[in-house]
J.: 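The following block contains the structure, expressed as structure tokens.
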Amino acid sequence: MIAPGSKPTRRPSTALDIGSGATLFLLIGMLLLAAAFYSQANVLFWAFGLMVGALAISIFVPWSIVRHIDIDRIAPARGEVDQPLILRYQLTNRARWLPAFGLIVQERTAPRKARRRRAQPHDDTSREILRAEPHGWVLHLGPRQTVLADAPCWPAHRGELRLTRLVVACGFPFGIVTARRNFDRPERILIYPSTRSLARRTMHRLLQADFADGKRTTHVDDGDEFFGLREYRPGDSQRVIDWKHTARTGVLISREMRRLARPTIIVCLDLRDERACEDHEAVEHAIALCASLLTTAHKQGSRIGMIVLGVVCPAFAAHHSGAMRHAMLAALARLDVRDRRQAHDETRIRPSVVIHPGENGHAHVERAVGGRARGAAR
Amino acid sequence: MSVQLLFRKLVFAQVLLSLMAFCFAEQRPELLLAAGALCALSWYVVEGPNGRPLPAWIIMTGAIIASLWLLSSLYFHNTNIIVAVGHFTIWLQILLLYGPKTNREYGEILALSLLTMMGASLLTVSLLFGLLLTAYCILGLFSLLVFYLKNSNDHVTEAHRAAAPRDEDVHRPAAVVGRNHRRHFQAVAVAVGLACIVIASMVFLLFPRTNQTEWQVANLNPFQRTRAGFSGRVDLTGPAPSTSGTRTAVMHLTAERQGRTIKGGDESFLLRGAALDQYDPGSRVWSRTIADYGETYTPLTEGAATLDPAAQSEPSMAVRIVLRHPSTSTLFSIYPTSRIESDDFDAISLHPVDQQLQISGQPPEGTVTYTVRTPLDPSVVEPAPDTERRVFTRARGVDGAPSLAIEPYASTWTVDVQRIRAHTLGVIRRQGLERDPDAETDANDLRIADAIAGYLREQYRYTLHNPSPPHGRDPITAFIFESRQGHCELFAAAMVAMTRSIGIRSRVVTGYHVSEYNRVGGYYVVRENDAHAWTEVRDATGRWHTFDATAPEAVASEHRADQSLLGMVRELYEHLEYAWIDSFAAFNAESRGNVLQRGVRSVRDAGDRAMQAAKSWVGWWRDWRWHATLDWLDFVLVGGVLTVLVGGGAAWLRTRRRRRYHARVLGLNGQSSDEQRQLLDALGFYVRTVDLLCAHGHDRPTWQTPGAFVQSLHIQLPHAAAPAEELTRLYYELRYGGRPHDDDRRRRAAAALANLETALQSPA
């Protein structure tokens, strides 16, 4: 269905696809006609007539069906590598009488041929992101009816998935000729790197580094946990005065409260080694490991931050919020390891974990201070 | 039921139906039993609880054995090729039903089943098979439709598998269906089927044909060929007549006497087939001795041949005969025949002595239709007394030709002559008649023959179950002197024996006794068991006259049609079968020409009628123009009415077009007409909003929701975002919120639209 309130920008185009099945059908039809003429057998003339009828209907019915179909995509904003990404379609049959059967909805990442010739060279990254183009199936769509259909897909790579158009195909009733209707429906879906749950032991060792550096310290504040007593200082609120001790000692005593800070983990993805970055698989594993670390740490309540060295990527200070996690994952999804212009080669943010691509497609994790853990994401 | 299971059931039913049809066409109940049982068992083996297909190697082995069996049938047993291939396709289908099946195997099964049906259609033209074929076509149509749905489902499943990671367990996509999907499917199937039939009928009708149906194999079935009630010889050795048969219809005929159709009643005819002149006492067989001598070849000029020009101007009777399965080249006719018309054969051969009609050359395959005319008064036929002499003289002059009897044609009787002669003379004397046995002719010959026929009818009993004559006794003398009961062949032979014994030339004639009238179809039906034998006697002028010595009431009771309700049902069935054969099975160039002529005539008539109507209208208009006096006021009125009509039509078209555009813009195409109309009235302001924004270069992509669009306007067009947001809010309230379209909202929408217009016109 065309989204309400919108004006159709470009008319969908319809085409008939005469494949090998139709060619074979025509060939058999010609042979049958020759046999009928030779033998003058009524049954063969009937069979040929039925074949002609089937062919005529195979052209007319699918053409009529797809010309009355409107479609709109309801896509999620983001997906994740190797996780099901459900693309949903809303299909409407505008026909007054003719129901549609056996509709196949196909996603296309490439623009139409006519446009492709005029436009700039096509970016094939979307084709790499998906193993195959998603397909949806609608068994029946009655006249003046609307249904929703799903097309699951499992992205194979991170990046920005650019869907350009939808094709609704129908070969009903005999499948001899298939009618296709192209709808321009550009849409972008960001595919995050794959996030795996990391080994608990590895996470524990990485988070221990945080404590060891004394970052998990108490912060004297007006928190809600009692820390100690001290003499009253001018400026203290009257509410923090411990009246019992004041009465006992005769000196104004203030209660000191504290609030526990969340553990902080700042991941540094080190891509400065250009030779190591030539191993595409190792780089992808490093990025996936980075994303997994960030996600797992965020789930465990840590404040997370991220810096990427060697390629263009914004740095993220430590913070605990869902939006920040999405921002970091989006940055990782868009990371282009070939783009080294204005890249950060060093940072003043002190990382707690450093990840860099290793050899043989492995990624290495090491604490910024202390030991080294290898291949946690493998 | 899932599409997959439904398709499997349909394929199974289709295979079962095709093998049933083939076994019916071949008339092999034992094959039906065996193949049907194996076919039914396959469902249990493959689809039943814990069922699974047999391994592929078993299926391959079975296919090889079936192929060897086919070769053996063709080369060693000389089985008919259609029958052999039909059996082969049946066994292959059954084997494939037991095996593992992909779409390819299902396609093979459907193709094999279609081949089986086509083979069966070549073996029979029965209406029952036509009904089975119709059921098969309906089932096949549903199978093909469901096959496409299954294929599309499989295609999408494969696409899902290709898109999924290797270890992902991918299921088939769930069926997404709208309301009333079953009803819609049935309606579409019916519509598609009807459209296919209409197109196929047009192709069937319009494609050119020839009359040479070389491959017409309606008579290939050996079982059907052996069942012919009529025979060109009479064998008196058995107790039952040699021409007895079943109730299978062999021909249909309609008769007209002086242009008036004869519609049953007590009317009956004798359809003459063969005239047998010689009796062999040794083999006790009546046969025709002059078959190879003197036949005249008569071509049909423009589909007709005149046999007796003298009788053309006389009142005549026309009989149109449709032979359903002509197994011989004999043409049945009413004696004497003066003219014959047909488009199914090019020439006939007519013997001048016994007047036997035959198709010249091989009989055409399939149905043969012809019309014979006979004068109502047989005496107008010109006698040819010297024809026999001329023929026999010429025949004796041919070298190498077998010797013919010296005696005149159809005059010799050798069995127990004295006794039969004495008996016959006694019979005719009782009628006051006399005859010199040595005289060649006598003026009273016809009266004598009539007396003998009457004697036989009154004194002898007609039965189909007479005992065989004692060993060594001639069946004719045994019939005349001892048993005095028998079937029609014995009656005819006895009359010939009696007439010849006293010097009257006579012969036995075989053919059909026609008396059963089909009230539903309006024609006579001739069956195999209507085969009959009678006698022809020659008078002094050389003309031959028909005498039926069998008691007519006895024959009538034997062939009487069933008048009960069951009989009516049978007549209806037979008429449907006849129509089926006449319209479909026997469709040829002639039928095509007739149908096309009728069609062209109908179109021409309709055109003529339309032209007449147009002419009358033009005439009326001309008269009206001349007779009416129009002043300027009338012209203004007429012009005004025309303007209103044209303007109204244009306005209606414009409104309709705008409504469709608005419905498209508002995404209301999925709504019913009433809902659409209400929402279009309520949401007109939003269409205006979209148009305004579009005019200022802010076109919304089709995939964007109104909410998302107005959010984007906050960035692109901040000074106009507020009224647009207000309008979008109103849109959501009315479209999805179920709020009434009241005055307050109308005012708000009008104000917001005005604000939006102002904002868009002012600089940012």
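We name chains A, B, ... by the order of the sequence lines, and we start the count at 1 in each one.
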J.: Take A:Val147 and B:Val177 through the side-chain contact (heavy atoms from CB on, under 4.5 Å) test and state the conclusion after the steps.
T.: CA-CA 7 Å; A:Val147 293; B:Val177 292; over 6 Å; no
J.: Over 60° means perpendicular and under 30° means parallel, so tell me whether A:Phe48 and B:Phe207 are parallel, tilted or perpendicular.
T.: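 Correct class here is perpendicular.
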J.: Top residue by heavy-atom pair count (under 4.5 Å) with chain B, among A:Val105, A:Leu103, A:Ile104, A:Asn93?
T.: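 Greatest number of close heavy-atom pairs with chain B: A:Ile104.
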J.: Quick check for you: to the nearest 0.5 Å, what is the distance between B:Arg166 atom CZ and A:Arg131 atom CZ?
T.: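 So the CZ of B:Arg166 and the CZ of A:Arg131 are separated by 9.0 Å.
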J.: Can you find a pair of side-chain heavy atoms, one from A:Trp154 and one from B:Val170, that are under 4.5 Å apart?
T.: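 Side-chain contact under 4.5 Å: yes.
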J.: Using a cut-off of under 4.5 Å for heavy-atom pairs, which of B:Ala175, B:Ala164, B:Ser121, B:Pro173 has the most such pairs with chain A?
T.: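 Top option by heavy-atom pairs under 4.5 Å: B:Ala164.
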J.: Could you check which of A:Leu33, A:Leu141, A:Leu139 has the highest count of heavy-atom pairs closer than 4.5 Å to chain B?
T.: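 Ranked by contacts with chain B, first place is A:Leu139.
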J.: For chain B, which residues from residues 56-65 of chain A lie under 4.5 Å away (heavy-atom distances)?
T.: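 Counting heavy atoms that sit under 4.5 Å from chain B, the residues of residues 56-65 of chain A involved are A:Ala56, A:Ile57.
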J.: Specify which of A:Pro152, A:Ala169, A:Gly175, A:Cys153 makes the most heavy-atom pairs with chain B at under 4.5 Å.
T.: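 So the answer, after comparing A:Pro152, A:Ala169, A:Gly175, A:Cys153, is A:Pro152.
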J.: Does B:Ile81, at its CD1 atom, have more than 12 non-hydrogen atoms belonging to other residues, nucleotides or ligands within less than 6.0 Å?
T.: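 No, the 6.0 Å shell around CD1 holds no more than 12 heavy atoms from other groups.
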J.: Measure B:Ala174 against the heavy atoms of chain A and call it side chain, backbone, both or neither at under 4.5 Å.
T.: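 Backbone only.
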J.: Are there over 12 heavy-atom neighbours, none belonging to B:Arg660, within less than 6.0 Å of that residue's CZ?
T.: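 Count not over threshold, so no.
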J.: Counting heavy-atom pairs under 4.5 Å to chain B, which of A:Pro99, A:Pro155, A:Pro84 comes out on top?
T.: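 Answer, by heavy-atom pair count under 4.5 Å with chain B: A:Pro99.
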J.: Where does B:Val192 contact chain A at under 4.5 Å (heavy atoms): side chain, backbone, both or neither?
T.: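 Both backbone and side chain.
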J.: Please classify the contact of B:Asn180 with chain A as side chain, backbone, both or neither, using a heavy-atom distance under 4.5 Å.
T.: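 Only the backbone of B:Asn180 comes within 4.5 Å of chain A.
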J.: Does the gap between the ring centers of B:Phe147 and A:Phe174 come in under 6.0 Å?
T.: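 Ring centroids of B:Phe147 and A:Phe174 are no less than 6.0 Å from each other.
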J.: Counting only non-hydrogen atoms closer than 4.5 Å, does A:Leu148 touch chain B with its backbone (N, CA, C, O), its side chain (CB onward), both, or neither?
T.: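 Answer is backbone: N, CA, C or O of A:Leu148 sit under 4.5 Å from chain B.
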J.: Measure distances from B:Val198 to the heavy atoms of chain A and classify the residue's part below 4.5 Å as side chain, backbone, both or neither.
T.: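 Neither part.
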J.: Name the option with the most non-hydrogen atom pairs under 4.5 Å to chain A; the candidates are B:Pro165, B:Ala159, B:Cys137.
T.: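 Of B:Pro165, B:Ala159, B:Cys137, B:Pro165 has the most heavy-atom pairs under 4.5 Å with chain A.
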J.: Measuring heavy-atom distances to chain A, does B:His155 have an atom under 4.5 Å in its side chain, in its backbone, in both, or in neither?
T.: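 For B:His155, side-chain heavy atoms alone lie under 4.5 Å from chain A.
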J.: Using atom types as modelled and distance alone, determine if a side-chain donor or acceptor of B:His160 lies under 3.5 Å from a backbone N or O of A:His135.
T.: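 Yes; judged by distance alone, with no hydrogens or angles, the pair exists.
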J.: Do B:His184 and A:Pro143 come within less than 4.5 Å of each other through their side chains, counting heavy atoms only?
T.: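 Yes, their side chains come closer than 4.5 Å.
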J.: Return the CZ to CH2 distance between B:Phe204 and A:Trp46, rounded to the nearest 0.5 Å.
T.: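 One finds 5.5 Å between CZ of B:Phe204 and CH2 of A:Trp46.
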J.: How long is the straight-line distance from SG of B:Cys196 back to CG of A:Leu55, given to the nearest 0.5 Å?
T.: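 Spacing of CG (A:Leu55) from SG (B:Cys196) equals 10.0 Å.
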J.: Mind jotting down which residue pairs meet the ring-ring contact (aromatic ring centres under 6.0 Å, His included) criterion with at least one end in residues 72-109 of chain A? Sequence neighbours excluded, please.
T.: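 Listed once each, the pairs are A:Phe101-A:His140, A:Phe101-A:Phe172, A:Phe101-B:Phe185.
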J.: Distance from B:Asp167 atom CG to A:Asp82 atom CG, nearest 0.5 Å?
T.: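 The CG atom of A:Asp82 is 8.0 Å from CG of B:Asp167, to the nearest 0.5 Å.
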J.: Between B:Val188, B:Val687, B:Ile197, B:Leu683, who has the most heavy-atom pairs with chain A when the cutoff is under 4.5 Å?
T.: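 Option with the top pair count is B:Val188.
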J.: Does any heavy atom of chain A fall under 4.5 Å from the side chain of B:Thr157, the backbone, both, or neither of them?
T.: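 The answer is neither part of B:Thr157.
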J.: Top residue by heavy-atom pair count (under 4.5 Å) with chain A, among B:His181, B:Met118, B:Arg179?
T.: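 Sorted descending by pairs with chain A, the first entry is B:Arg179.
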J.: Quick test of your reading: applying salt bridge (charged side-chain N to carboxylate O under 4.0 Å, His left out), list the pairs with at least one residue in residues 26-53 of chain A, sequence neighbours left out, ordered by first then second residue.
T.: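 Counting only pairs at least two positions apart or across chains, no salt bridge (charged side-chain N to carboxylate O under 4.0 Å, His left out) contact touches residues 26-53 of chain A.
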J.: Any side-chain heavy atom of A:Trp137 within less than 4.5 Å of one from B:Val176?
T.: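 Heavy-atom side-chain distance check fails, nothing below 4.5 Å.
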J.: Could you measure the distance from the CD atom of A:Gln83 to the CD atom of B:Glu168? Nearest 0.5 Å is fine.
T.: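 Answer rounded to 0.5 Å: 8.0 Å.
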J.: If you round to the nearest 0.5 Å, how far is CD1 of B:Ile199 from CE of A:Met51?
T.: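 Spacing of CE (A:Met51) from CD1 (B:Ile199) equals 13.5 Å.
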J.: side-chain contact (heavy atoms from CB on, under 4.5 Å) between A:Arg144 and B:Gln676: does it pass, once the steps are laid out?
T.: CA-CA 11 Å; A:Arg144 303 273 179 165; B:Gln676 206 178 75; 3.4 Å; yes
J.: Evaluate whether atom CZ of B:Arg592 has more than 12 neighbouring non-hydrogen atoms of other residues, nucleotides or ligands under 6.0 angstrom away.
T.: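 Correct, the count exceeds 12.
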J.: Among all residues two or more places apart in sequence or in another chain, which pass the ring pair (Phe, Tyr, Trp, His ring centres under 6.0 Å) test with B:Phe129?
T.: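 By the ring pair (Phe, Tyr, Trp, His ring centres under 6.0 Å) rule, B:Phe129 matches no residue at all.
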